[in-house]
Protein chains: 2
Amino acid sequence: MLEHNPSLTKKNTKDRILEAAIELFAQRGYTGVSVRDITKEVGVKESSLYNHFKNKEDVLNTILELFYDEIGKTSFSLETIEEGLNHMDLSGFLQHHAFMLRQKNTPLMIKIRKIIYMEQFRDERALNFILKGIIEAPSEFYKRVFQIAHEKGMIKNNNPEMLGMIYQYTALTIFWELMLREANGEDIAQYTKKIFNLIEFLCER
Amino acid sequence: MLEHNPSLTKKNTKDRILEAAIELFAQRGYTGVSVRDITKEVGVKESSLYNHFKNKEDVLNTILELFYDEIGKTSFSLETIEEGLNHMDLSGFLQHHAFMLRQKNTPLMIKIRKIIYMEQFRDERALNFILKGIIEAPSEFYKRVFQIAHEKGMIKNNNPEMLGMIYQYTALTIFWELMLREANGEDIAQYTKKIFNLIEFLCER
DNA sequence: GTCTATAGCAGGATAGAC
DNA sequence: GTCTATCCTGCTATAGAC
């Protein structure tokens, strides 16, 4: 996807179409946006879009793949856990990982995440991506984190799988709430702190 | 809303329109469904819809109000906590409350919930209902539950606010996952157990 | 690759007969 | 309250000139 321009810095028409589509889909949903809306935003005629994409559906496809390549593929690799926990304590590791995720969730990626949330029951790819990329893979990752921390004697609690699930599921809602409050025009400064408080609490025990 | 027929048992045209709209909106989203689609499903002409609703938006309005009346208004009343915890232990109270919520979440209400989730960034009412009715009010409720349980010496942990937030936020994701897996055609039998395990874990400490 | 022009259909909504 | 008929706008997509 976008080999020479992963940040979509408005060079060519294709990327400008993608950027406009992401913005509009995030505001009004896929079915709420027309090809006219997108091309009008870019400043080209509707027919030009079909030089770059097969059809409207193909635009959404490309956006979802873009998100998967940036976020889904590498964020929850089980191989990194063991070594990470050799260098850091559990809360340090989780803070570090949360910080990395925050770096990856640029404004553009957050817009795509909104699109995925809005299409979750309508589009099979969105549904599967949430189930696998947003729920299952991170759950496996955090379960493994707390398991290894338990094996290394870094936490006392003897139900690390439960702690992993609690961390992932709670963090997901915190991040969801952040997106909602941002969409509602509210201040979102305290949400990093909310995650860090959660980490502290779960690592105490 | 629907004074004589809260379960929408297909008596009059208005209710049949509502039921068809809920079904279709839950599958394809508000903007993905046309007035034609709805009336075709019911078996009346498009113009008939305008005898019962001002326009398409008014159909969505009515659906959202229906949900609010059934779920939002009374599910998280702070007054019930004190007395509940006099009769039951904490895990019993939470189990009882989870069971009550499950009773209220009929298949019809779950469809409306899907609609709300899909419209969350597009429709201001959906956004506000999620923030207030699905995040804030339940959070306040569960924080209060754990606070009172703490005051009564029913739990040892001295951060009941955090426990309340963790319970609510984790349960929200579990319920979200349930909806996704159901939409994906998967079995959802073990989700009651998942909530009960969470309750047991949080009440132990 | 972009444009003009247009096909062909689907969208929300209304008027007026019954 | 439901119907037929119709309005007019917006929609996706394509053909073909430049």
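So you know, we letter chains A, B, ... as the sequences are listed, proteins then strands, and number each from 1.
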> Could you tell me whether B/Lys56 sits above the aromatic face of B/Tyr30, with NZ or CZ closer than 6.0 angstrom to the six-membered ring centre and within 45 degrees of the axis?
yes

> Which residues in residues 33-43 of chain A have at least one heavy atom lying under 4.0 Å from any atom of DNA chain C?
none

> Taking the minimum atom-to-atom distance to the side chain of B/Ser47, which one of C/dA13, D/dT4, C/dC3 wins?
D/dT4

> What about A/Trp176 and B/Tyr169, are their ring centers closer than 6.0 Å?
no

> Return the CE to OH distance between A/Met165 and A/Tyr142, rounded to the nearest 0.5 Å.
14.5 Å

> Please give, in whole Å, the distance from C/dG1 P to A/Asn12 CG?
8 Å

> About how many Å separate NZ of B/Lys111 and CD of B/Glu23, when rounded to the nearest 0.5 Å?
4.0 Å

> Given atom OH of B/Tyr50 and atom C1' of C/dA13, what is their separation to the nearest angstrom?
5 Å

> Quick one: pull up CG in A/Leu198 and CG in A/Leu94 and give me the separation to the nearest 0.5 Å.
9.0 Å

> Measure CZ/A/Arg16 against P/C/dG1 and give the value in whole Å, please.
13 Å

> If I take atom CD in residue B/Glu46 and atom P in nucleotide D/dG1, what distance separates them, rounded to the nearest angstrom?
19 Å

> Starting from P on C/dC3, measure out to NZ on A/Lys45 and report it in whole angstrom.
7 Å

> Would you kindly give the CD1-to-P distance between B/Ile17 and D/dG1, to the nearest whole Å?
10 Å

> May I have the distance from A/Arg28 (atom CZ) to D/dG10 (atom P), rounded to whole angstrom?
13 Å

> From CG of B/Leu49 over to C1' of C/dT14, roughly how many Å is that when rounded to an integer?
13 Å

> Hey, mind stepping through A/Lys143 and A/Met162 against side chain to side chain contact (heavy atoms under 4.5 Å, CB included) and telling me if it holds?
CA-CA 7 Å; A/Lys143 275 183 194 170; A/Met162 177 64 82; over 6 Å; no

